[in-house]
Amino acid sequence: MASTTAVDVVMPQMGVSVSEGTITKWNKQVGDSIEADETLLEISTDKVDTEVPSPASGVISEILVQEGETVNVGTVLARIGGEAGASAPAPPAEPVPEPATQPAADAANAAASEGQTVSSDAQPLSPPTESASGNGKSFVSPVVARIASEHGIDPTQVPGTGTGGRVTKKDIQAFIDAGAPIKASEPAPAPVAPADTPAPAHTAPVTPPAAPTSQEPQAPGQAPGQAPGVGEQFEPMSAMRRGIADHMRRSLDTSAHVTSAIEVDMSKVVQIREKLKKEYTAAYGVNPTYLAFIARATAETLRDYPWINGELRGDKIVTRNYVNLGFAVELADGKGLIVPVVKNAETLNLLGMAKGIADVAKKARDKQLTPDDVVGGTFTITNPGGYGTFHGTPVISQPQAGILGTYAIVKRPWVITDDNGADAIAIRSMMNLTLTYDHRLVDGALAGRFLRDLRERLQTWGEADY
Amino acid sequence: MEVIHLGVVEYREALELQRALAVDVASGARPDTVLFLEHPPTITLGRRTEEGEVHVPDGAAVDVVEVDRGGKSTYHAPGQLVCYPIFDLTRHGQDVKKYCRDLEEALIRTLAAFEIDATRIEGLTGVWLASPPRKIASIGIHLTKWVSTHGYALNVDLDPAPFTEWITACGLDGYAFTSMARELGRPVPVDEVRPVAAQALADVFGVALEARELATA
């Protein structure tokens with residue numbers, strides 16, 4: 001029975017704790033006919049893909065949410081039948097409608113319409129240029145809004161053929177294909193982008209994407225799937241990003257983070273490195289980086305500070321007779337980081353350390369790390385100094401007790417005592433080091449002594465320390 | 001719940017069997033049914049597989065199949081216990097997230113029986129060992145009118161290298177995969193794990209076991 005009024009297909013309720021779903025596949029397109037109960041689309045929630053049957057027989061008149069988009073339960077996904085007239089709300093397209101879940105679905109519907117209200121409230125925020133032609137098209141679907149913002153189009157200028165004159169994706173596409181006044185029209189909703197951006201206004205917002213609204217560790221990045229605001233863009237969160245978010249949050253919830261910093265005169269290391277660089281590169285194909293020097297000195301120093309190389313495990317303090325050094329490695333494009341581990345770092349000399357670090361860093365970037373390469377770290381070094389930063393407060397890699405931050409080496413005037421006991425100002429290569437430690441296990445005085453000893457090793461680096 | 005033990009079954013063949021059984025479970029013609037099996041080396045690509053996830057070296061003896069389950073790409077091979085619960089979820093809470101959590105719970109209990117301390121990571125469905133996170137079991141589900149197909153794959157004793165070398169499994173770039181054998185430092189036969197896994201599933205879903213061994217696949 002083909003309906004004369006349109007029937008809405010809505011995102012079904014897939015469980016009491018499920019608030020949204022992602023469209024993975026439309027089995028039908030606009031203009032196709034469909035029988036009631038025939039699979040219309042597939043949605044994905046968590047790692048579950050679900051077929052959604054059509055709630056009615058008829059011709060698909062509108063598809064409002066595209067593949068890959070995530071929307072709240074109750075959101076209208078498509079319309080079946082109808083002649084641009086009023087649409088009749090249909091029972092939610094639940095695979096097996098159960099009376100018990102009906103109230104929940106209704107509540108979700110209500111919530112969804114509230115979400116739409118928010119969208120229309122937000123409308124006046126977009127530049128009101130030439131919006132006199134607006135004919136009550138208050139609601140713009142997320143996909144249309146995105147296309148509009150990508151092309152610098154005010155959606156209210158687009159003739160709508162959808163229900164109630166709503167602008168569909170087809171409408172806006174046709175508008176663009178027809179050589180819409182893209183450049184002629186004001187580069188409307190890009191308040192923060194450079195004013196004279198050429199046509200494909202693909203410029204990322206100057207401000208970073210909004211942080212997840214929820215501060216709760218269990219829901220990173222699961223902000224409600226509403227449309228981005230004017231000038232904003234959404235991009236999906238990768239699994240790795242979620243993993244990092246989760247780990248960072250959990251670490252801060254676990255350890256009592258405290259950071260101490262110390263200034264190190266690296267002049268001697270700089271001098272020795274210059275000498276060794278050619279030799280190591282020619283003979284072994286490995287560059288003795290500053291990080292290798294610092295790692296070598298750190299492994300030595302950690303042997304004297306078993307708690308900083310240790311771990312709180314329940315009510316026990318774990319100490320070890322070995323040092324497994326983790327190195328925070330950034331993956332290409334700033335898309336994430338991983339902490340491969342150099343095992344038994346206490347047994348490595350400078351050359352071995354340089355090789356070990358180069359090896360794991362390469363494996364990390366080439367995605368060749370095995371499970372063994374990332375397990376069992378006892379202490380971590382992070383090296384953000386390459387960008388010139390001189391201080392930071394990194395987050396401990398759980399369940400370790402500390403993380404060393406290394407920063408830019410810069411030439412600075414430094415007061416030294418010369419051989420005659422007189423003070424003098426000298427130009428020295430200085431570097432700051434930070435130790436961020438878990439104050440549950442490591443006290444400030446211990447951290448201070450560790451940093452002092454580490455500094456001493458680096459400042460007095462001699463031939464025997466290779 | 002009826003448990004069927006199938007041994008090593010080619011992926012597509014197992015998929016057809018699941019679909020046939022799902023029709024019967026949906027109509028009430030058969031009770032909730034669980035298939036335990038292993039697959040020959042196979043890479044399966046879920047609906048959410050992204051470009052660049054698959055990078056199989058030339059000449060690798062592995063089958064690549066696109067499937068209708070949730071999740072991204074994964075790898076199957078002998079030594080991995082594959083479990084396909086064909087359940088009518090209207091009898092088990094009718095909640096996709098609860099179903100995923102329940103499967104994870106069954107896996108965690110199975111691993112606990114071998115003194116492996118496994119956990120969940122919020123937002124990363126599957127079962128993990130902690131610090132650093134390494135994945136030991138993957139989950140991917142398909143629902144038709146609330147009847148489930150596909151299920152979980154538990155790495156019992158297989159080389160986890162293909163998870164990272166051949167594919168970016170589950171789209172998890174840079175994450176490690178592991179197996180029970182690797183964690184326990186000894187060979188672990190799948191036969192040793194299967195009965196424990198079946199019992200754990202029965203316990204979590206609150207159903208009685210009705211084992212049936214099929215000699216032929």
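All chains are named by letter (A, B, ...) in the order of the sequence lines, taking the proteins before the strands, and each is independently numbered beginning at 1.
More than 12 heavy atoms of other residues, nucleotides or ligands shown are found within 6.0 angstrom of CD on A:Glu67. For B:Glu16, the CD atom is loosely surrounded, since the number of other residues' heavy atoms within 6.0 Å does not exceed 12. Counting heavy atoms of neighbouring residues, nucleotides and ligands inside a 6.0 Å radius, atom CD of B:Glu66 does not exceed 12 of them.
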Could you walk me through whether B:Leu143 and A:Asp49 pass the side chain to side chain contact (heavy atoms under 4.5 Å, CB included) test, one step at a time?
CA-CA 6 Å; B:Leu143 290 186; A:Asp49 273 11; over 6 Å; no
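Atoms CD and CD, from B:Gln94 and A:Gln13 in turn, are 9.5 Å apart once rounded to the nearest 0.5 Å. A distance of 11.0 Å separates NE2 of B:His142 from OG of A:Ser44, quoted to the nearest 0.5 Å. Here the CH2-CE distance, from B:Trp146 to A:Met14, works out to 3.5 Å after rounding to the nearest 0.5 Å.
Here the closest non-hydrogen pair linking A:Gly376 and B:Pro132 is N-CD, 4.1 Å.
When A:Thr50, A:Val48, A:Thr45 are each tested for a side chain to side chain contact (heavy atoms under 4.5 Å, CB included) with B:Ile141, only one passes: A:Val48.
Heavy-atom distances place the side chain of B:Arg101, and not its backbone, under 4.5 Å from chain A. The part of A:Glu42 that comes within reach of chain B is its side chain, from C-beta onward, which places non-hydrogen atoms under 4.5 angstrom from that chain.
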